[in-house]
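This report concerns only the one structure given below.
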Amino acid sequence: MDIAAILLLLVAAMAAGWVDAVVGGGGLLQLPALLLAAPHQPIASLLGTNKLSSVFGTTTAAVTYARRTKLDRRVIWPAAGLAVAGSAGGALLAGSLSSGVLKPIILAILVGVALFITFRPSVGLVVLPERDTRPRRLIAVGLAGVAIATYDGLIGPGTGTFLIISFATVLGSDFVHASAMAKIVNVGTNLGALAVFAPRGHVLWGLGLGMAACNMVGARLGARTALRRGAGFVRIVLLVVVVALVVKLGYDQLG
């Protein structure tokens, strides 16, 4: 891999860390960058390298949020525990995917996210405490710790975004608190997938650790920005990032 490709990946990792900490979905920047810079690597190796970088970034963001935000421990700890197993299960299936299959899936998911945010503008902007009930907490744990975690191990990009939307819609959390909870669960999903990829040799360690350092810097800055600017800012960034990625991946597919 040449110097230009490595620099591209380091910049992408820092940007992904910032985006992931603010709105989730940093993998939607980082994984396509890996696919572009290392097209001849096995998809499992790119997914494993993405997880190595992401676990450092999500942990950094989670610690930053935890110090300044009240977290619902009744949801995040059960969800994070389940997420380790769910993500590991998804990762066991990841070797069967090819980049040709992966890109259209990511594009379809992005379009769905963009439509949801556009046509549900109130979601995540105000807290709805009446939704914080025991049945809804159980639903949130199942969605985050099983369904979304399995997706994260299998494919990955957009996991943080899906977690945020799930917590905002099911529990009535605002986007800032939903982002904080999502980071804790996302640490679990990244660890679960990495525990499968690493022993199988599906991690480019030198590249992944370099990307991890950049991802941590971006994550710390992103978490601080989200806490300072609030839910409205998070929603705007989320929509801009998703639309930009839809355009980029759509152009790639048509090309």
Is there a path of hydrophobic side-chain contacts, each under 4.5 Å between heavy atoms of I, L, V, M, F, W or Y residues, that connects [X] with [Y]?
{"X": "Val84", "Y": "Val203", "result": "no"}
{"X": "Leu209", "Y": "Leu46", "result": "yes"}
{"X": "Val63", "Y": "Val19", "result": "no"}
{"X": "Val22", "Y": "Val11", "result": "no"}
{"X": "Met181", "Y": "Val127", "result": "no"}

For [X] versus [Y], what's the shortest heavy-atom pair and its separation?
{"X": "Gly201", "Y": "Ser45", "value": "O-OG, 4.4 Å"}
{"X": "Gly153", "Y": "Ala193", "value": "CA-CB, 4.1 Å"}
{"X": "Trp205", "Y": "Ala198", "value": "CZ2-CB, 3.9 Å"}
{"X": "Ala79", "Y": "Ala144", "value": "CB-CB, 4.1 Å"}
{"X": "Thr69", "Y": "Ala180", "value": "CG2-CB, 4.1 Å"}
{"X": "Gly222", "Y": "Ala21", "value": "C-CB, 3.8 Å"}

Are any of the side-chain heavy atoms of [X] and [Y] separated by less than 4.5 Å?
{"X": "Met14", "Y": "Leu29", "result": "no"}
{"X": "Leu138", "Y": "Val141", "result": "no"}
{"X": "Val185", "Y": "Ile148", "result": "no"}
{"X": "Leu8", "Y": "Leu36", "result": "yes"}
{"X": "Leu171", "Y": "His177", "result": "no"}

Heavy-atom donor-acceptor pair, [X] side chain to [Y] backbone, under 3.5 Å:
{"X": "Thr169", "Y": "Ser166", "result": "yes"}
{"X": "Thr58", "Y": "Val55", "result": "yes"}
{"X": "Tyr65", "Y": "Val176", "result": "no"}
{"X": "Arg136", "Y": "Val170", "result": "yes"}

[X] [atom1] to [Y] [atom2] distance, which is reported to the nearest 0.5 Å:
{"X": "Ser53", "Y": "Leu10", "atom1": "OG", "atom2": "CG", "answer": "9.0 Å"}
{"X": "Phe162", "Y": "Asn186", "atom1": "CZ", "atom2": "CG", "answer": "11.5 Å"}
{"X": "Arg220", "Y": "Thr64", "atom1": "CZ", "atom2": "OG1", "answer": "5.0 Å"}
{"X": "Ile6", "Y": "Met211", "atom1": "CD1", "atom2": "CE", "answer": "11.0 Å"}
{"X": "Leu52", "Y": "Leu47", "atom1": "CG", "atom2": "CG", "answer": "13.0 Å"}
{"X": "Leu194", "Y": "Leu191", "atom1": "CG", "atom2": "CG", "answer": "7.0 Å"}

Practice task
Could you tell me whether Phe56 atom CZ has more than 12 heavy atoms of other residues or ligands within 6.0 Å of it?
Solution key: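 No.
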Problem - Within 6.0 angstrom of Arg224 CZ, more than 12 heavy atoms from elsewhere - result: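 No, not enclosed.
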Handout entry: Evaluation steps, side-chain contact (heavy atoms from CB on, under 4.5 Å), between Phe167 and Asp72
Key = CA-CA 11 Å; Phe167 290 139; Asp72 191 339; over 6 Å; no
Does one side chain, of [X] or [Y], offer a donor that lies under 3.5 Å from an acceptor on the other?
{"X": "Gln30", "Y": "Asp20", "value": "no"}
{"X": "Thr159", "Y": "Asp152", "value": "yes"}
{"X": "Ser54", "Y": "Asn190", "value": "no"}

Exercise for the section: For side-chain contact (heavy atoms from CB on, under 4.5 Å), just list the numbers for Thr225 and Phe233, CA-CA rounded to whole Å, side-chain angles, deciding distance to a tenth of an Å, and then say yes or no. Expected result: CA-CA 9 Å; Thr225 301; Phe233 172 78; 3.5 Å; yes
Practice task
Any chance you could lay out the side-chain contact (heavy atoms from CB on, under 4.5 Å) test for Gln41 and Thr49, step after step, and finish with the verdict?
Solution key: CA-CA 11 Å; Gln41 290 288 340; Thr49 304; over 6 Å; no
Exercise for the section: Walk me through it: do Leu35 and Ile43 pass the test side-chain contact (heavy atoms from CB on, under 4.5 Å)? Expected result: CA-CA 8 Å; Leu35 290 168; Ile43 188 65; 3.6 Å; yes
